[in-house]
Amino acid sequence: MSPSPKTKVAPELEFGNAWEYAAAPESVKVEIADKYGMFINGAFVAPKSRRYMDSINPANEELLSKIAVANEDDVDRAVAAAKAAFPKWKKLKASERAKYLFRIARRLQERAREFSVLETLDGGKPIKESRDVDIPEAAKHFFYHAGWADKLDYAFPGRKGRPLGVCAQIIPWNFPLLMAAWKIAPALACGNTVVLKPAETTSLTALRLAEIFEEVGLPPGVVNIITGAGETGAALVAHKDVQKVAFTGSTPVGKAIAKQCAGSGKRLTLELGGKSPNIIFEDASLDQAVDGIVQGIFFNQGHVCCAGSRLFVQEGVMQEVLAKLEVRIQSLRVGDPMDKNTDLGAINSLGQLATIKRYIEAGDAEGATRHQSSAKLPKRGYYLPPTWFTGVQPSHTIAREEIFGPVLSVMSFRTPEEAISRANNTPYGLAAGIWTDKGSKIFDIASRLKAGVVWCNTYNRFDAASPFGGFKQSGFGREGGRQGLLSYLELV
Ligand code: NAP
Ligand code: MG
């Protein structure tokens with residue numbers, strides 16, 4: 001199997017290693033076509049709708065490309081391709097399915113630099129994050145699930161796992177390639193076929209992943225990628241030949257999808273929003289804690305479902321924490337995401353910028369005290385300085401609702417009991433962080449926080465082997481690990 005001739009790969013990328021990529025300047029030129037069709041039945045095709053939407057680089061507001069907008073006919077074509085491919089893919093020897101996943105992972109690693117640059121151009125995230133997190137983690141998910149493909153009998157002893165059929169997978173714009181990998185890899189490992197819809201503002205890396213599917217000779221129809229906005233997603237969810245819907249996105253859209261699927265017999269998993277608490281106790285190593293808090297809220301401009309957006313500080317160390325927080329936040333570099341030293345890049349879209357600004361105004365209006373970094377922002381592009389509020393009351397909008405931007409709400413607590421009740425006082429339950437030097441406290445508090453992941457003296461750590469998912473309005477179902485396989489199998 002060799003790369004298809006139309007895909008150009010720089011020679012040094014074929015034989016380089018991860019360290020070499022990291023050391024090289026991020027000046028690699030990535031070819032972007034003027035226009036992209038959809039990937040259906042193993043080929044790029046023009047949309048029947050004949051409609052295209054603009055894909056913008058949020059760092060400078062320039063047009064990157066035009067992307068197809070799939071209508072119901074296009075959705076139908078993609079689902080039909082996935083349905084037709086399912087019987088053969090399901091019957092393929094599991095070790096053969098694994099080989100495809102291994103090859104995809106390997107090609108992703110080999111083309112990592114190109115994918116990193118494209119991810120940053122399309123979505124505005126700092127290149128160091130695309131390069132060190134998004135792309136390598138996406139490759140890891142394919143490697144990890146390649147390992148499961150022929151070992152499913154061991155995952156659930158005494159039971160047989162059967163694939164479900166056509167999986168409709170809808171993903172958000174904050175980790176575009178990584179979310180595609182989280183969805184596609186387990187579905188394929190379990191023998192399902194896929195129709196994936198990336199988010200409107202960040203479709204380019206998913207479409208480039210389709211090039212890898214071509215390169216590795218993935219049988220036509222096993223993965224189809226259709227682009228478009230919310231209506232395309234809704235049409236996909238509604239399709240009668242879809243057996244499983246996997247959605248990652250906001251809680252309101254997740255609720256709408258749950259209603260749409262109710263009574264249809266479709267299997268559903270929802271990975272939704274969050275308002276995660278990060279709790280600093282007096283006995284914590286404060287420098288380490290402050291570093292973790294900053295990373296926990298400002299990583300990827302705060303466009304992170306599990307962002308530690310509510311900070312609870314024990315009263316005795318509040319002043320010290322605030323002083324350290326200010327110094328640390330003022331040192332963050334905000335600006336051109338392609339600069340390897342940039343800590344915060346561009347906000348993903350103009351719409352999201354407006355949403356975040358509305359929340360900041362609500363913070364001001366409801367009486368919290370706003371602090372912002374004095375970082376100088378570029379004149380063009382969608383940027384915001386890292387922002388934190390003190391004097392926040394639990395009833396304030398900025399303490400209750402997901403902002404999905406670089407905005408931290410700081411609150412205090414006196415006792416561990418109070419920390420737990422305040423942390424759990426939210427309709428969400430995705431993640432939480434605890435900072436303390438006392439091991440017994442970690443076990444006690446972690447077991448009483450209602451959150452899918454609880455990090456202790458660290459934050460935003462992920463592993464393909466570890467299940468991820470929420471409680472309450474953060475959704476249901478798990479992705480990753482053995483538990484994640486359950487979302488794509490029927491156990492008999
Ligand atoms: P979103 O607005 O809910 O959109 C998510 C995806 O659903 C996009 O592809 C979107 O298309 C599509 N969509 C919109 N309306 C739809 C409908 N009625 N039916 C079907 N699909 C529809 O969320 P987002 O703004 O992209 O992402 C941010 C949210 O994702 C945050 O709430 C964040 O917490 C959550 N998130 C959760 C996790 C997790 O694992 N729990 C991970 C990452 C993000 P268009 O965007 O093209 O309109
Ligand atoms: Mg874009």
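No hydrogens, no waters, no symmetry mates; every other heavy atom, side chains included, goes into these values. Atoms within each ligand, like the ligands themselves, are counted from 1 in listed order.
Minimum interatomic distance between Cys305 and Asn174 (heavy atoms only, all atoms of both residues): N-ND2, 3.9 Å.
Ligand 1 has a nitrogen or oxygen under 3.5 angstrom from a nitrogen or oxygen of Glu402. Below 3.5 Å of separation, one finds no N or O of Thr251 facing any N or O of ligand 1. Every N/O-N/O distance between Ser474 and ligand 1 stays at or above 3.5 Å.
Using a 4.5 Å cut-off on side-chain heavy atoms (C-beta onward), Ile434 and Leu449 make contact. Taking the side chain as every heavy atom from C-beta outward, Thr248 and Ile170 never approach each other to under 4.5 Å. Taking the side chain as every heavy atom from C-beta outward, Phe389 and Leu408 never approach each other to under 4.5 Å. In this structure the side chain of Pro406 reaches within 4.5 angstrom of the side chain of Ile356, judged on heavy atoms.
In this structure, Arg482 is not positioned above the aromatic face of Tyr488 in the sense of NZ or CZ being under 6.0 Å from the six-membered ring centre and within 45° of the axis. A cation-pi arrangement is present between Lys35 and Tyr52 under the rule of less than 6.0 angstrom and at most 45 degrees off the ring axis. The side-chain tip of Lys450 points at the ring of Phe471 from less than 6.0 angstrom away and within 45° of straight on.
The closest non-hydrogen atom to atom 35 (C) of ligand 1, taken over Gly273, Gly477, Pro172, Gly249, comes from Gly249. When Glu200, Lys197, Met53 are ranked by how near their heavy atoms come to atom 10 (C) of ligand 1, first place goes to Lys197. Closest heavy-atom approach to atom 8 (C) of ligand 1 within the set Ile67, Leu178, Val237, Ile171: this belongs to Ile171.
Every atom of ligand 1 is numbered from 1 in the order shown, and the set under 4.0 Å from a heavy atom of Ser250 is 1 (P), 2 (O), 3 (O), 23 (O), 29 (C), 30 (O), 32 (O). Taking every heavy atom of Phe247 and a limit of under 4.0 angstrom, the matching atoms of ligand 1 come to 3 (O), 5 (C), 6 (C), 7 (O). Heavy-atom proximity to Gly228, at under 4.0 Å, picks out these atoms of ligand 1: 47 (O). Applying the 4.0 Å criterion to heavy atoms of Pro198 picks out, from ligand 1, the atoms 9 (O). Of all the atoms in ligand 1, the ones that sit under 4.0 Å from a non-hydrogen atom of Thr248 are 5 (C), 36 (N), 37 (C), 38 (C), 39 (C), 40 (O), 42 (C), 43 (C), 44 (C). Heavy-atom proximity to Asn174, at under 4.0 Å, picks out these atoms of ligand 1: 43 (C), 44 (C). Which parts of ligand 1 touch Gly233 is read off a 4.0 Å heavy-atom cut-off, strictly below it: atoms 19 (N), 20 (C), 21 (N).
Contact annotation for Phe175 and ligand 1: no heavy atom of the residue comes within less than 4.0 Å of the ligand. Residue contacts with ligand 1 for Val253 involve side-chain atoms from C-beta outward but no N, CA, C or O (heavy atoms, distance under 4.0 Å). Using a 4.0 Å cut-off between heavy atoms, Leu430 contacts ligand 1 through its side chain alone, with no backbone atom that close. Contact annotation: for Leu272 versus ligand 1, heavy atoms closer than 4.0 Å belong to the backbone alone.
For CZ of Arg380, the number of neighbouring non-hydrogen atoms (other residues, nucleotides, ligands) closer than 6.0 Å is greater than 12. The environment of Lys357 atom NZ is sparse: at most 12 non-hydrogen atoms of other residues, nucleotides or ligands sit within 6.0 angstrom. More than 12 heavy atoms of other residues, nucleotides or ligands sit less than 6.0 Å from atom CD of Gln483. Within 6.0 Å of atom CZ in Phe156, more than 12 heavy atoms from other residues, nucleotides or ligands are found, so the atom counts as buried in its surroundings.
Ranking protein heavy atoms by distance to atom 14 (C) of ligand 1, first place goes to Gly230 CA, 3.6 Å. What sits closest to atom 12 (C) of ligand 1 on the protein, heavy atoms only, is Ile170 CG2, 3.7 Å. Annotation: atom 33 (C) of ligand 1 to nearest protein heavy atom, Phe404 CE1, 3.1 Å. From the protein, the heavy atom lying nearest to atom 42 (C) of ligand 1 is Cys305 SG, 3.0 Å. Summary of contacts: the protein heavy atom closest to atom 24 (P) of ligand 1 is Trp173 NE1, 3.4 Å.
In summary, the aromatic rings of Phe404 and Trp173 are positioned with their centroids under 6.0 Å apart.
Taking a 4.0 Å cut-off on heavy atoms, Cys306 fails to register as neighbouring ligand 1.
By the side chain to side chain donor-acceptor pair (under 3.5 Å) test, Arg448 is found to be paired with Glu417, Asp444, residues two or more places apart in sequence or in another chain being considered.
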